[in-house]
Number of protein chains: 4
Amino acid sequence: MSPTTARKRLTREESRAQTRERLVETAQQLFVSNGYGGASIRDIADKAGYSQGAFYSNFSSKEDVLLELLRRHMEAEATQLFSVMGNEQQEPGQMLAELEAWASTLNHDADWCMLSIELQLHANRSRSFAAEYRKVWDRHRSELGGVIGQLFGKLGRTPPAAPDELAAAFMALSHGLALQRISTRPDPSGRLIMVFLRGLIAGAEDLGTAAAAPAGTPARAPTKRAPKAGR
Amino acid sequence: MSPTTARKRLTREESRAQTRERLVETAQQLFVSNGYGGASIRDIADKAGYSQGAFYSNFSSKEDVLLELLRRHMEAEATQLFSVMGNEQQEPGQMLAELEAWASTLNHDADWCMLSIELQLHANRSRSFAAEYRKVWDRHRSELGGVIGQLFGKLGRTPPAAPDELAAAFMALSHGLALQRISTRPDPSGRLIMVFLRGLIAGAEDLGTAAAAPAGTPARAPTKRAPKAGR
Amino acid sequence: MSPTTARKRLTREESRAQTRERLVETAQQLFVSNGYGGASIRDIADKAGYSQGAFYSNFSSKEDVLLELLRRHMEAEATQLFSVMGNEQQEPGQMLAELEAWASTLNHDADWCMLSIELQLHANRSRSFAAEYRKVWDRHRSELGGVIGQLFGKLGRTPPAAPDELAAAFMALSHGLALQRISTRPDPSGRLIMVFLRGLIAGAEDLGTAAAAPAGTPARAPTKRAPKAGR
Amino acid sequence: MSPTTARKRLTREESRAQTRERLVETAQQLFVSNGYGGASIRDIADKAGYSQGAFYSNFSSKEDVLLELLRRHMEAEATQLFSVMGNEQQEPGQMLAELEAWASTLNHDADWCMLSIELQLHANRSRSFAAEYRKVWDRHRSELGGVIGQLFGKLGRTPPAAPDELAAAFMALSHGLALQRISTRPDPSGRLIMVFLRGLIAGAEDLGTAAAAPAGTPARAPTKRAPKAGR
DNA sequence: CATGAATGAGGGTTCATTCAT
DNA sequence: TATGAATGAACCCTCATTCAT
């Protein structure tokens, strides 16, 4: 930057950005491992290698850094989903494959999931944060809902619930599973859970092939449609 | 209260039990609304109408109350599930109906769900608590898994994943949905989510067949399929 | 208290009262020497020999201890004034003498005066404190005003301003003088100041009469003039 | 601004002066409204439209601005008093009128008075500042004392206390009254207060004599009553 | 058994000040 | 000269916990 020395230490702006970045990352780690309430600014700053004052010259409050994490989370998720919904001409089989690929990424970053939960928990407790969170959440749900709607449409099927509801349920499922990284316990949430259950039943293969469909089988030979779905 | 003496001063033991009971209940309320970390012992004692010392006369630490809540949670859940699994001779339709009834109860007590989440979160952070939690969790999962296994078996279907995995997924779903009482955001958890999704697709009606069903309608048409499904 | 040992350590209540007392006294010292804002709770607690927590189990906030000081200040002042106003049949000379005695006590406790100033300053900055302060101030001013009114009445004179105004002026004078224990600078306040000045002039002896008294001599010989003034 | 160039960019020096000026003014406002301790450099710089660094380019510390304010205060007060003492040949009536005019100006600028108090308070707490303050204070007191001495002299009267003491008392009175802009409470300062009180009594009209004079009326021909009071 | 005063550590936040840019 | 990121100490206050009563 400087005319005389080509490689200077760091621009002021760069330096600030670096500090901010390190603080954000450290904050994420600690929020995930200790919870929002359990992570102190002292700890964040220390672990990031700065003073508490440095934290406050980059963020106006503890909640502020959570908001920054929320923004980043949103962006990253939008990007992820974009590859799935980007191309409207995709065949259903292709969409399913991409959705599966996308879903499997979530498998691999428990931190990412726990952060989601912390964001949600804090939204449940802070009025102001809830407002910001709502925006992100609504947008993401409707994007995912759109993808789901498209998928069902291309398959010539009626979704068993509003696509947005299904989207929310999938998000819920992912959050709940993240919570189980160490322990867990259940309390299913009614209707949507039954919808899923019925779907699973319908989708299950007959033991005998498709033989008897004993008594109550939802009578929709899933094995046949599977190939259609391109799997 | 006592069957023999209609109006009696509380015995020492009863009085102690009452104190404990009130503290436990108040603790639950505050853990749910403020989180485990966000609820102080001072608050719990005050709100229950006792001194902080009374708290420590009944519990050895803050985590100790949480353990008590865990125990009660476990018992209540076991009781709930018992009505579903109790009778091995049930027909599948009946089982489904009972499961649905059971699931719908969860809809109505958000506090119960949030407590589950707090328990899980704390298990993720406290070694000792995790050990206790694990027992409860494992037992509950295998009970629910048993029910699910039975259900699939009676329907003559192969579950699309291990019954215990399905059980965990349903628990996850219910936790995640509880978290959404105010806000949320998603990060699906891979394979299991795809299993659900494929099931739903398979279970969906062909557009041509039951054409009109508006996308947003909640649980539609299951009533029609129900008889077919033999429930 | 205990039936077996006659002289026990300290009742719980006594112990608490002692702690509170020490904290209040230390707070007063530090407010006076460092100002309300300049005295930290850490300092107060440390200097009193307690932890910060002890402070907060006796006072709900920093302002709360200032309120306690306000209450005590009020009581003490009321008591002081009572001896002057108590007896309505007093002769004017006697009243003057008592007023003088009372005034001279103020001379001797600079701390007392500085506390007054801190109270006033804080009332100027805290809405809630101002409300409490107002009560005390109004009551004290009207009591002092009453004394002044009586005095003038008994002397058969018309006060050169409303007695309450004169009272406020005397309080102002005392505050301002307290401020000068180390330094100062002036900015007289208009009408009332002129009233005082005219009064002083009127009350001054003619040069010709009591010839010698050199201009610069402090306040000498007041005892001689006193009888003339009807004391 | 400059006489030669009508519209010019500010020279470096002018720009610096402007920055300094704005900072000083903003500092004064904040010291007055929040107190010296309650006004932060961040606030001062922000409100003045500069960075904190700009503050430190112009002042070496927080106390340094207060010193600048002290200097300006001193100058302004000297100027004010000059019109009163300037002319040694003035008649007493004229002097009184001018003093009254001067005093009444103080009525109208509460900020000015509060700044005086802040200066005094800080002088009571900072050794180094006290030294500077002392100079200003002594000079001002002796100037005002001079005026008072002259006045008494021209009236042919003996001041009831050393003119310098009287001067200090008037300053005190003005400070104390400034403090009362919102609330207050009293602690008279002994002897001087009695001097004032005796003066007022002496200067007051006999009820029988000039009955009507309403209590609150300020200027009531003190020169006439003086002889009546026999002093 | 229950009380609640007291502890000591730690919470989030603000401060006057420094210094590389 | 002016900037503002960073510091480190201090701020007020709350916490889980202890223990004499």
Side-chain angles (χ1 to χ4, degrees), chain A residues 1-2 8-20 37-45 49-64, chain B residues 12-13 15-16 19-20 37-46 50-63, chain C residues 1-2 8-20 37-45 49-63, chain D residues 12-13 15-16 19-20 37-46 50-64:
Chain A
M1 276 283 179
S2 131
K8 266 259 291 288
R9 292 262 207 221
L10 269 182
T11 303
R12 249 225 261 180
E13 217 170 310
E14 285 167 344
S15 167
R16 177 175 166 74
Q18 188 184 70
T19 301
R20 189 179 173 87
S40 78
I41 285 173
R42 260 203 232 325
D43 289 347
I44 295 171
Y50 294 93
S51 65
Q52 295 184 67
F55 179 95
Y56 280 96
S57 79
N58 279 279
F59 304 98
S60 63
S61 70
K62 196 183 177 185
E63 196 172 77
D64 193 28
Chain B
R12 217 175 292 245
E13 219 168 304
S15 167
R16 179 169 162 72
T19 301
R20 189 180 173 85
S40 75
I41 286 173
R42 217 194 231 57
D43 288 348
I44 295 171
D46 281 1
Y50 294 93
S51 65
Q52 296 181 68
F55 181 95
Y56 281 95
S57 290
N58 283 277
F59 305 98
S60 64
S61 71
K62 196 183 176 186
E63 195 172 76
Chain C
M1 275 278 180
S2 136
K8 265 259 292 291
R9 292 259 207 227
L10 267 184
T11 302
R12 251 227 258 183
E13 216 168 311
E14 285 168 346
S15 167
R16 177 174 165 76
Q18 188 185 71
T19 302
R20 188 179 174 88
S40 78
I41 285 173
R42 254 205 236 328
D43 288 349
I44 295 171
Y50 295 92
S51 65
Q52 293 184 67
F55 180 95
Y56 281 98
S57 80
N58 279 278
F59 304 98
S60 64
S61 70
K62 196 181 175 186
E63 195 172 76
Chain D
R12 219 175 290 245
E13 218 168 306
S15 166
R16 179 170 162 72
T19 300
R20 189 179 173 86
S40 75
I41 285 174
R42 217 192 232 58
D43 287 348
I44 294 171
D46 281 2
Y50 294 93
S51 65
Q52 295 182 68
F55 181 95
Y56 281 95
S57 290
N58 282 277
F59 304 98
S60 64
S61 72
K62 196 181 175 186
E63 195 172 75
D64 193 27

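Proteins come first, then strands; the chains are lettered A, B, ... in the order of their sequence lines, and each starts at number 1.
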Separation of atom [atom1] in [X] from atom [atom2] in [N], rounded to whole Å:
X       : N      : atom1 : atom2 : value
C/Glu13 : F/dA20 : CD    : C1'   : 16 Å
D/Ile41 : F/dA6  : CD1   : P     : 20 Å
D/Asp64 : E/dT17 : CG    : C1'   : 14 Å
B/Ile44 : F/dT17 : CD1   : C1'   : 14 Å
C/Glu14 : E/dA5  : CD    : P     : 15 Å

(request) Toss me the dot-bracket line for DNA chain E: Watson-Crick and G-U wobble, both under 3.5 Å, 5' to 3', using | for pairs to another strand and [ ] for crossers. (result) .||||||||||||||||||||
(message) Checking the side chain of C/Glu14 only, and the main-chain atoms of C/Thr11 only, is there a donor and an acceptor separated by less than 3.5 Å?
(response) yes
(message) Any side-chain to backbone donor/acceptor pair from B/Arg20 onto B/Phe59? Under 3.5 Å, distance only.
(response) no
(message) Can you work out whether C/Gly49 or A/Ser60 has the more 5'-proximal nearest nucleotide on DNA chain E?
(response)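 Residue closer to the 5' terminus by nearest nucleotide: C/Gly49.
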(request) Over all heavy atoms of both residues, which pair between D/Ser51 and D/Ala45 is shortest? Give the atoms and the distance, please. (result)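 In this case the closest contact between D/Ser51 and D/Ala45 is O-CB, 3.4 Å.
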(message) Students often get this wrong, so: under 4.0 angstrom with heavy atoms, is A/Ala39 touching a base, only sugar-phosphate, or nothing?
(response) sugar-phosphate
(request) Give C/Ala45 one of three labels, base, sugar-phosphate or nothing, depending on what nucleic acid heavy atoms sit under 4.0 Å from its own. (result) nothing
(request) Taking side-chain hydrogen bond (donor to acceptor under 3.5 Å, both in side chains) as the test, write out the residues that go with A/Thr19, two or more places apart. (result) A/Tyr50
(request) Name all residues meeting the side-chain hydrogen bond (donor to acceptor under 3.5 Å, both in side chains) criterion together with B/Asp46; count only those two or more places apart in sequence or in a different chain, and write none if there are none. (result) none
(request) Between B/Gly37 and D/Tyr50, just flag the one whose closest nucleotide in DNA chain F comes earlier from the 5' side. (result) D/Tyr50
OP1, OP2 of [N] versus side-chain N and O of [X]: anything below 4.0 Å?
X       : N     : value
C/Ser15 : E/dA5 : no
B/Thr19 : E/dC1 : no
C/Arg16 : E/dA5 : yes

(message) Expected output is a numbered-order residue list: members of residues 51-59 of chain B with a heavy atom under 4.0 Å from any atom of DNA chain F. What is it?
(response)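 The stretch gives B/Gln52, B/Tyr56 as the residues lying under 4.0 Å from the strand, ordered by number.
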(message) I'd like to check the side chain to side chain contact (heavy atoms under 4.5 Å, CB included) partners of A/Ser61; sequence neighbours left out, ordered by chain and number.
(response) A/Glu63, A/Asp64
(message) Among residues at least two apart in sequence or on other chains, which ones pass side chain to side chain contact (heavy atoms under 4.5 Å, CB included) with A/Arg42?
(response) A/Ser40, A/Gln52
(message) I'd like to check the ring pair (Phe, Tyr, Trp, His ring centres under 6.0 Å) partners of B/Tyr56; sequence neighbours left out, ordered by chain and number.
(response) none
(request) Just compare E/dT13, E/dC15, F/dA16 and give me whichever is closest to any side-chain atom of A/Lys62. (result)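 The closest nucleotide is E/dT13.
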(request) Kindly say whether, by distance alone, the side chain of A/Arg42 makes a donor-acceptor pair under 3.5 Å with the base of E/dG11? (result)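 Yes, a donor-acceptor pair under 3.5 Å.
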